[in-house]
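In what follows, chains carry the letters A, B, and so on, assigned in the order in which the sequence lines appear, proteins first and then strands, with residues in each chain numbered from 1.
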There are 2 protein chains.
Amino acid sequence: MKARLIGVGRATLAQEARAEIERMITEGELKAGEKLNELDLSIVMGVSRGTVREAIRSLAGSGLVDLIANRGAFVHETTLAEVQNLYELRGAIFAMACGAAARRFAAGEERGLAEALSRNIEKMDAARETDDQSTYYALNIEFHDLLMAAADNPKAKAVYDNIKREMHLFRRKGLSLASNIARSLDEHRVIADAVTAGDEAAARDAANEHIRRGFDRYMTIAARDRQTG
Amino acid sequence: MKARLIGVGRATLAQEARAEIERMITEGELKAGEKLNELDLSIVMGVSRGTVREAIRSLAGSGLVDLIANRGAFVHETTLAEVQNLYELRGAIFAMACGAAARRFAAGEERGLAEALSRNIEKMDAARETDDQSTYYALNIEFHDLLMAAADNPKAKAVYDNIKREMHLFRRKGLSLASNIARSLDEHRVIADAVTAGDEAAARDAANEHIRRGFDRYMTIAARDRQTG
DNA sequence: CATATGTTGATTGTTGACAAAATAAACCGG
DNA sequence: CCGGTTTATTTTGTCAACAATCAACATATG
């Protein structure tokens, strides 16, 4: 038998509404700090207010919007201090995940991991040579996801994904992506080596350092952008 | 089923409904895996189904209930593997927070912290001598909250609180609290010393170790309970 | 007897209407 | 013109009814 699965990912209207509002936010149609009007959104999307309301509540759970009782929902405004907090939290979780991945790899519970990591690194090396930013971006996410998956900690992954979403949201604010392919690639190699050596502590430290340096790169670019306008 | 009638407070009804359902879950009136019937709950609490629905969605955001589209909401069943995941995630966040607290203390941004920590430790020492479990429990939470607050990372604190809630939920399942006042107190002293010495790395390591040992204590008790009961 | 197919009651998803609160506008004395 | 008060209007919070979906049972079919 062969038939396409229907309605995948769109189980309920509220979920679709959530996805659509999230898109509007991440693509900048709804700017940071802007108020979300339930009625307007319901009309634009062609669903009832209750459905929109449910979607908004769901977004609030992921930290993308802030709710104030009796006053409404507002697109979350991410401050610089909060970006630092997010980086630090992300680093802590990613470091833990890399440590767990190293432990699991050493126990033989993550067979394909070594190949997957080295393949990713090879491809990123190619992207570095051609300076292919968009490919690098995708591979970078893949690298982190590989390790988060290898940690086998769904809860941590869920939190990590939320953080990623919120940080992505801040990028909209105008700052360019803090990327330095060569440096990042070197750090990835150190992490991958530690993990595939089964060295839990080294993996943790390398991962922590990677995120910390990512934040430094980000701050450097942020400072430069602010200066040049 | 029995639930307090709500609706006299000042917050929104949905918020009160959420608090009430959360209470029912944490106090075991609603058991793990049990289905939450919107209509029944709405009748028992004297509010409309929509309000109950909103409350349930909110609880899902905190991981206390699982939602399945078109089928309903179920009290989250925490498995042993998940408890391990939660402990590990909690450890990572708490370690990060202690590191941040050490850094902030060294920078003179957390003046009252040293006194607050030593006061807490003194009181816990007294609780140890009288073997006062409930006081110990409260002081233990206070100790962790002091450091989470000193980290000045609201996002991390929010995630931490959610984890705490979910772990507390699992305790309901029958296992006694994994507490060894003397050991825990020693570990607290190490953490406090590292933080007030401004040693970020030492604080991180001590905190991580503290949570890890907490998990070991938990596992020991869990194994014993499974054997005898 | 086992499996597939209809049928029914219960439960969730969605909607539009009403009530309460907050914001905007009109008013008014100085 | 201004600051404060009062009145409209808008917006959110809550509710009850309708539609879609599901779980369980009953029935048919080979």
Side-chain angles (χ1 to χ4, degrees), chain A residues 1-22 24-25 29-31 33-61 64-77, chain B residues 1 3-22 24-25 29-61 64-77:
Chain A
M1 188 197 307
K2 129 176 103 165
R4 256 214 334 270
L5 219 54
I6 59 172
V8 284
R10 49 186 68 172
T12 69
L13 271 181
Q15 285 173 341
E16 281 197 69
R18 188 210 137 111
E20 176 63 6
I21 298 174
E22 184 172 343
M24 288 194 224
I25 294 175
E29 276 172 51
L30 291 166
K31 295 170 202 159
E34 192 172 343
K35 188 171 194 294
L36 301 181
N37 187 305
E38 294 179 355
L39 188 57
D40 291 352
L41 284 170
S42 74
I43 293 170
V44 171
M45 307 204 306
V47 297
S48 90
R49 239 191 74 219
T51 301
V52 167
R53 186 179 171 83
E54 191 169 315
I56 290 176
R57 298 321 230 226
S58 168
L59 287 169
L64 264 66
V65 307
D66 300 318
L67 298 179
I68 304 178
N70 288 317
R71 294 197 41 197
F74 303 81
V75 179
H76 180 72
E77 287 194 88
Chain B
M1 191 189 311
R4 261 199 346 263
L5 215 59
I6 63 176
V8 280
R10 265 165 289 299
T12 65
L13 276 179
Q15 285 172 326
E16 287 197 61
R18 188 209 137 109
E20 176 62 4
I21 297 174
E22 184 173 344
M24 289 195 229
I25 293 175
E29 277 173 50
L30 291 167
K31 295 171 202 158
E34 192 171 343
K35 187 171 195 293
L36 301 181
N37 187 303
E38 295 180 356
L39 187 58
D40 290 351
L41 285 170
S42 74
I43 293 171
V44 173
M45 304 202 296
V47 297
S48 90
R49 237 192 76 218
T51 301
V52 167
R53 187 180 170 83
E54 193 169 315
I56 290 176
R57 296 318 225 232
S58 167
L59 287 170
L64 263 68
V65 308
D66 300 319
L67 297 179
I68 303 177
N70 288 316
R71 296 195 38 196
F74 303 81
V75 179
H76 180 71
E77 287 193 89

Least distance between heavy atoms, B/Asn37 atom then B/Asp40 atom: OD1-N, 3.0 Å
Reading nucleotides 9-24 of chain D from 5' to 3' and marking B where a protein heavy atom lies under 4.0 Å of the base, S where only the sugar-phosphate is that close, and - otherwise, the string is --SBBBB-B---SSS-
Could you tell me from which nucleotide to which nucleotide of DNA chain C, 5' to 3', there is an atom under 4.0 Å from chain B heavy atoms? C/dT11 to C/dT14
Any A/Met45 side-chain heavy atom under 4.5 Å of A/Glu16 side chain: no
Mind listing the closest non-hydrogen atom pair of B/Val52 and B/Glu38 along with its distance? CG1-O, 3.9 Å
When every non-hydrogen atom of A/Leu59 is compared with those of A/Ile25, the smallest separation belongs to CD1-CD1, 4.5 Å
Which pair of non-hydrogen atoms, one from A/Ala11 and one from B/Ala69, has the smallest distance, and what is that distance? CB-CB, 3.8 Å
More than 12 heavy atoms of other residues, nucleotides or ligands under 6.0 Å from NZ of B/Lys35: is that the case? yes
To check you understand the geometry: which heavy-atom pair defines the closest contact between B/Glu77 and B/Ala32, and what is its length? CG-C, 3.6 Å
